[in-house]
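What follows is one structure encoded as structure tokens, with my remarks underneath.
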Amino acid sequence: MPRIILLGPPGAGKGTKGSLLCDKYDIPGISSGDALRSNLEARTPLGLEAKGYMDAGELVPDSLIIALVEDLIEKADTKNGFLLDGFPRTIEQAEALDVLLFGKSLELDKVFYLRVTADVLIDRLAKRRICPKCGEIYNLQSKPPKEADICDACGSALIMRDDDKPETIKKRIEVYDEQTKPLIEYYAKQDMLVEIDATTEIDEQVSQMSDALGEG
Ligand code: AP5
């Protein structure tokens, strides 16, 4: 019954590995980034407010994100566990999560820190393509679609994310270093952190995480 956080810089592969882990353990994946993009697509007030921050590579304010993720966790079927991707991203968000989980008598099992250097991230994000319909993630180099620019899973035309422009990528990495990296120590102190070399093969990383969860 794994309750997992995936922590790591933009492009570390949180979405890619998160989706495989969710399938493997039959748990819901709760991605703050995906939820924001869905809100934007639906042109909700939250989505429209978040857009400016996302396009600039900045974090969306804690108050908005915490309310959003709390709602997603409340609505998700978490009987088998859950996986958080991209949340928490600040100490304030981590503390809010602690309070929420305490109130539900739930404890986290592991926080996987996906470690990658900035040069690898920039290259990966520049080559990332996503399916706007089903959310499948591709990479022109490491995971190309079978047919150029077409989603293998649903046949939709693939797109580049708006925040994958080189100048925005640079800003997102800076913001990660300043605001999200302190969470590594936060969770290490709670003895929950497991560091994963996120430059190895995707399947290898998933199997390391499964071993750490003790659920092979
Ligand atoms: P979000 O959508 O969460 O973006 P991110 O954290 O920047 O992470 P990415 O989705 O870019 O990367 P990823 O780690 O999931 O990598 P992926 O699997 O795609 O957030 C977007 C924005 O929303 C933020 O900038 C912020 O404004 C806002 N936001 C979201 N959450 C927030 C919060 N909690 N608080 C405040 N604001 C928030 O992989 C990347 C590429 O690499 C892919 O092409 C993939 O195929 C490839 N790849 C992955 N692993 C490997 C591997 N091992 N080898 C080779 N290629 C690989």
Side-chain angles (χ1 to χ4, degrees), residues 2-25 27-37 54 57 59-60 65 69 72 81-91 93-94 97 108-130 135-143 161 163-164 168-216:
R3 290 183 284 268
I4 312 166
I5 291 177
L6 296 188
L7 175 66
K14 301 182 293 297
T16 303
K17 266 87 77 173
S19 148
L20 294 169
L21 287 167
C22 286
D23 287 350
K24 178 165 183 171
Y25 294 114
I27 54 176
I30 297 171
S31 157
S32 45
D34 286 349
L36 289 170
R37 282 182 288 279
M54 295 171 79
L59 293 187
V60 173
I65 285 288
V69 175
L72 292 171
F82 59 80
L83 179 144
L84 296 176
D85 160 3
F87 180 93
R89 244 175 164 98
T90 62
I91 297 286
Q93 293 179 18
L97 179 65
L108 288 169
D109 291 305
K110 294 281 178 236
V111 177
F112 293 110
Y113 163 44
L114 306 181
R115 183 173 38 80
V116 199
T117 54
D119 51 338
V120 175
L121 300 174
I122 292 166
D123 184 60
R124 273 190 193 173
L125 292 176
K127 292 176 181 156
R128 171 166 63 185
R129 297 294 180 271
I130 60 160
E136 195 65 29
I137 303 167
Y138 296 88
N139 188 284
L140 298 183
Q141 189 173 344
S142 59
K143 194 191 165 200
R161 264 172 48 176
D163 58 354
D164 280 347
T168 317
I169 294 174
K170 197 167 159 274
K171 179 67 186 172
R172 285 163 61 203
I173 293 173
E174 279 169 23
V175 167
Y176 167 81
D177 284 340
E178 281 162 23
Q179 300 189 55
T180 307
K181 255 192 171 171
L183 291 179
I184 296 170
E185 202 188 328
Y186 182 88
Y187 286 117
K189 276 190 184 150
Q190 297 181 34
D191 211 16
M192 256 184 267
L193 196 82
V194 177
E195 194 167 314
I196 301 286
D197 175 357
T199 60
T200 62
E201 291 295 318
I202 291 166
D203 288 347
E204 191 182 328
Q205 294 172 48
V206 171
S207 114
Q208 281 173 14
M209 291 190 258
S210 303
D211 288 348
L213 290 166
E215 305 195 20

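Values reported hereafter were calculated over all heavy atoms of this structure, with side chains retained and with hydrogens, waters and symmetry mates removed.
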Legend entry - Thr168 side-chain N/O to Asp164 backbone N/O, donor-acceptor pair under 3.5 Å: no
Legend entry - Beyond-backbone contact of Phe87 with Leu72, side-chain heavy atoms, under 4.5 angstrom: no
Legend entry - Point-to-point distance, once rounded to the nearest 0.5 Å, from CD1 of Ile202 to CD of Glu204: 11.5 Å
Legend entry - Residue pair Leu121 / Ile169, side-chain heavy-atom distance below 4.5 Å: no
Legend entry - Lys127: partners by salt bridge (Lys or Arg N to Asp or Glu O under 4.0 Å), with sequence neighbours left out: Asp123
Inset, instruction - For Pro10, enumerate each residue passing the side chain to side chain contact (heavy atoms under 4.5 Å, CB included) test, keeping only those at least two apart in sequence or located in another chain. - result: Leu125, Arg172, Ile173, Tyr176
Inset, instruction - Please round to the nearest 0.5 Å and tell me the distance separating atom CG of Leu21 and atom OG1 of Thr16. - result: 11.0 Å
Legend entry - Counterpart residues, side-chain hydrogen bond (donor to acceptor under 3.5 Å, both in side chains), relative to Arg89 (two or more places apart): none
Throw together a table of side-chain donor-acceptor distances under 3.5 angstrom for residues 190-200, partners on residues two or more places apart or in other chains.
{"residue": "Glu195", "atom": "OE2", "partner": "Arg115", "partner atom": "NE", "Å": "2.4"}
{"residue": "Glu195", "atom": "OE2", "partner": "Arg115", "partner atom": "NH2", "Å": "3.4"}
{"residue": "Asp197", "atom": "OD1", "partner": "Thr199", "partner atom": "N", "Å": "2.9"}
{"residue": "Asp197", "atom": "OD1", "partner": "Thr199", "partner atom": "OG1", "Å": "2.6"}
{"residue": "Asp197", "atom": "OD2", "partner": "Thr199", "partner atom": "OG1", "Å": "3.4"}
{"residue": "Thr200", "atom": "OG1", "partner": "Asp197", "partner atom": "O", "Å": "3.2"}

Legend entry - Residues in side chain to side chain contact (heavy atoms under 4.5 Å, CB included) contact with Lys170, at least two apart in sequence or another chain: Glu174
Legend entry - Where Pro28 and Gly81 come nearest, the two heavy atoms and their spacing: CD-O, 3.2 Å
Inset, instruction - Nearest 0.5 Å please: distance from the CZ atom of Phe112 over to the CD1 atom of Ile5. - result: 11.0 Å
Inset, instruction - Tell me, please, which residues at least two apart from Gln179 pass side-chain hydrogen bond (donor to acceptor under 3.5 Å, both in side chains). - result: none
Inset, instruction - Would you mind reporting whether Val111 and Leu183 have side-chain heavy atoms less than 4.5 Å apart? - result: no
Inset, instruction - Please report the shortest heavy-atom distance between Ser32 and Val69, naming the atom on each side. - result: CB-CG2, 4.1 Å
Legend entry - Side-chain (Asn139) to main-chain (Arg124) donor-acceptor, under 3.5 angstrom: yes
Inset, instruction - Return the set of residues passing side-chain hydrogen bond (donor to acceptor under 3.5 Å, both in side chains) with Asp177 (not counting sequence neighbours), or none when no residue passes. - result: none
Inset, instruction - Could you list the residues that satisfy salt bridge (Lys or Arg N to Asp or Glu O under 4.0 Å) with Arg3, not counting sequence neighbours? - result: none
Inset, instruction - Examine distances only and state if a side-chain atom of Lys14 and a backbone atom of Pro9 form a donor-acceptor pair shorter than 3.5 Å. - result: yes
Legend entry - Any side-chain heavy-atom pair of Leu114 and Met209 under 4.5 Å: yes
Inset, instruction - Applying side-chain hydrogen bond (donor to acceptor under 3.5 Å, both in side chains), name anything that partners Thr90, two or more places apart in sequence or on another chain. - result: Asp62
Inset, instruction - Starting from the C-alpha separation in whole Å, work towards a yes-or-no answer on side chain to side chain contact (heavy atoms under 4.5 Å, CB included) for Glu136 and Lys143. - result: CA-CA 11 Å; Glu136 195 65 29; Lys143 194 191 165 200; 3.1 Å; yes
Inset, instruction - Kindly write out the residues that satisfy side chain to side chain contact (heavy atoms under 4.5 Å, CB included) with Asp34, not counting sequence neighbours, or none if the list is empty. - result: Ser31, Arg37
Inset, instruction - Please name the pair of heavy atoms, one in Ser210 and one in Lys24, separated by the smallest distance, quoted to 0.1 Å. - result: OG-NZ, 2.9 Å
Inset, instruction - Apply side chain to side chain contact (heavy atoms under 4.5 Å, CB included) to Leu97 and Leu84, showing your working. - result: CA-CA 11 Å; Leu97 179 65; Leu84 296 176; 3.7 Å; yes
Inset, instruction - Quick one: list whatever passes side chain to side chain contact (heavy atoms under 4.5 Å, CB included) with Ile27, sequence neighbours left out. - result: Pro2, Ile4, Cys22, Tyr25, Asn80, Leu83
Inset, instruction - Any chance you could measure Ile137, atom CD1, to Arg161, atom CZ, to the nearest 0.5 Å? - result: 8.0 Å
